[in-house]
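Heads up, the thing below is written out as structure tokens.
This is a predicted model, so every value here is computed, not measured. Computation of the quantities below employed the complete heavy-atom set of this structure, encompassing side-chain atoms and omitting hydrogens, waters and symmetry-equivalent molecules. Here is how names work: the chains are called A, B, and so on, in the same order as the sequence lines, proteins then strands, and each is numbered from 1.
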2 protein chains.
Amino acid sequence: MTIGQTARAAGVGVETIRFYERQGFIDRPPKPLGGGYRRYPSATVERIRLLRQAQGLGFSLREAATLLDLGSRPDARAESIRNQAVQKLADVDRRLEELGAIRGALVELLQTCPREGPASCCSVWQALSQPAAHSPIEGNTTMPQHTRLAIEGMQCDGCVRVVQQALEREPGVQRCIVYLDNGQSEVTHDPDVVTPERLAETLLSTGYRATVVSD
Amino acid sequence: MTIGQTARAAGVGVETIRFYERQGFIDRPPKPLGGGYRRYPSATVERIRLLRQAQGLGFSLREAATLLDLGSRPDARAESIRNQAVQKLADVDRRLEELGAIRGALVELLQTCPREGPASCCSVWQALSQPAAHSPIEGNTTMPQHTRLAIEGMQCDGCVRVVQQALEREPGVQRCIVYLDNGQSEVTHDPDVVTPERLAETLLSTGYRATVVSD
DNA sequence: ATAAAGTCCGTACCGGGGTACGGAGTAAAC
DNA sequence: GTTTACTCCGTACCCCGGTACGGACTTTAT
């Protein structure tokens, strides 16, 4: 099969196949020695279909490709596949929660908004003018701030080490203590250099979801 | 106020302000005639805060800017603001529905998935249909390289996630699978972009000692 | 034999929301 | 008066999932 036939069979565009090849999600068959067009095995069609299926379940292409490679190994176990799905479910749940919070806020604003009148009467407009709940307004003093973070997903002291390293590497962090038993961390930092939210973001990009505990 | 002071007051980075200016979301004050730094009015701080607030309600920056311009006109009516919010709510509802469908599919698959056994028993895998072993046809082009790493100190699947993220973030890495049981990882990467040794260094700086396993 | 269709390959671009870098100029603090 | 911090400006890059273009080539259909 040529690339065009493969694309039609898989229900995608030719450019999409080339894109997947560039990204390494599918193998690129070699060009025939005598010259001519590349020939695609029918397995490629199947693989593309599987990638799209997994995409439909919320997986990114990279995750989908990992999943397929994971499952096509001879010693593949159900647990490893299941694990990926569980992770993805948690991911989806998190996004649902975020979106639900946004929806709740919008619904509430719309309920209290009069349908007419000047813009200043509109509750949506008023909500925008409210100061942020977490505004980092600071004086000119640079007193160290103590922040407590609740960290999800730490399960062993390897995690503790990673989390501690990530926090200490952050500019503005003076010292931090990470507890495995309650999943929390106490960070001493300069609030002018790094906000608690920034610390949480740092951990998120390291792989741990963290929230600021107000005490 | 200079740009840095404005950024601190608004709780964003300097680069963010410049980005907003480039995108036309905020006005860019003219440079003083005698030369020197641009001076920002305090209204800019307010505008940035409003933009971020609207972002938090689910609006894109472009929508947020439109909303602000809409509301700050003298003849602004509550209806026009309200209308934008209603549209956004519909948008949020649509995304919630899509995400809910994905969640439903995942939950159902996980319920019927046995916790052990070969991958072929896993309902998630079955949902993706047949395996169709990814045939390793090697061409003459620079094909991705498969590297196996032995990683010390991984003790839970949180570690697995961190290691996987760290590897996938490395340029040149196409995908990787991390196994908790044998402490190894299989990485597919472009050898021209990133060497196996470089991968090990990456993990070391993440907090895990890794060695390349020759197979 | 020739025209139409298909392929190859590199490269650039879309939208969304920024971050990062580097060299030069400027302002402020000590 | 020197050092340090800050600003200015252009440009490039990040993720994600592709789409588009253009010139040269190859295959197929008539």
query = Taking the side chain of A/K31 as its heavy atoms from C-beta onward, which of D/dC8, C/dC8, D/dT19 lies nearest to it?
reply = C/dC8
remark   = From CD of B/E21 across to P of D/dT11 the rounded distance in Å is 17 Å
request  = State whether the distance check finds a donor on one side and an acceptor on the other, under 3.5 Å, for side chain A/Y37 versus base C/dC8.
outcome  = no
Distance, rounded to the nearest Å, where A/F59 contributes CZ and D/dC16 contributes P = 15 Å
inquiry  = Is there a side-chain contact between A/T2 and the phosphate of C/dG6, meaning an N or O under 4.0 Å from OP1 or OP2?
reply    = no
Value in whole Å for how far the P atom of C/dT26 lies from CG of B/L33 = 14 Å
Atom-pair distance (OH on B/Y40; P on D/dC6), nearest Å = 16 Å
task = Confirm from the modelled atom types if A/Y20 and D/dG18 form a donor-acceptor pair under 3.5 Å, side chain to base only.
result = no
request  = Take A/R209 and A/D91 through the test salt bridge (Lys or Arg N to Asp or Glu O under 4.0 Å) and record every step on the way to the result.
outcome  = CA-CA 11 Å; A/R209 205 149 79 82; A/D91 205 38; over 6 Å; no
request  = To the nearest Å, give me how far apart CZ (B/F19) and C1' (C/dG16) are.
outcome  = 7 Å
task = Could you pick out which residue, A/V14 or B/S60, lies toward the 5' side of DNA chain C when each is mapped onto its nearest nucleotide?
result = A/V14
task = Kindly say if B/R18 contacts the phosphate of D/dC9, meaning a side-chain N or O under 4.0 Å from OP1 or OP2.
result = no
query = Quick one: which of C/dC8, D/dT7, C/dG18 gets closest to the side chain of B/R52?
reply = C/dG18
inquiry  = Within the 4.0 Å heavy-atom criterion, would you say A/G35 contacts the bases, only the backbone, or no part of the nucleic acid?
reply    = sugar-phosphate
message = Mind checking if B/R22 touches a base, just sugar-phosphate, or nothing, with heavy atoms under 4.0 Å?
response = base
Heavy-atom donor-acceptor pair, B/Q5 side chain to B/T2 backbone, under 3.5 Å = yes
request  = Using whole Å, report how far CD of B/Q5 lies from P of D/dA5.
outcome  = 16 Å
task = Can you see which heavy atom on A/F59 is nearest to which on A/A85, and at what distance?
result = CZ-CA, 4.0 Å
task = State the CZ-CD distance between A/R148 and A/E186, to the nearest 0.5 angstrom.
result = 4.0 Å
task = May I ask you to say what B/R38 touches in the nucleic acid, namely base, sugar-phosphate or nothing, with a heavy-atom cut-off under 4.0 Å?
result = sugar-phosphate
message = Base, sugar-phosphate or nothing for A/R39? Non-hydrogen atoms, less than 4.0 Å.
response = nothing
note = Side-chain contact check for A/Q55: nearest option of C/dG18, C/dA27, D/dG17 is D/dG17
task = Take atom CD of A/E15 and atom C1' of C/dC9, then tell me their distance rounded to the nearest Å.
result = 10 Å
message = In whole Å, I'd like the distance from the CD1 atom of A/I17 to the C1' atom of C/dC9.
response = 16 Å
inquiry  = Are there over 12 heavy-atom neighbours, none belonging to B/E197, within less than 6.0 Å of that residue's CD?
reply    = yes
task = Looking only at side-chain atoms of B/R28, point me to the closest of D/dC8, D/dC9, D/dG18.
result = D/dC9
request  = Would you give the length of the straight line joining atom CG of A/L99 to atom CG of B/L96, rounded to the nearest 0.5 angstrom?
outcome  = 4.0 Å
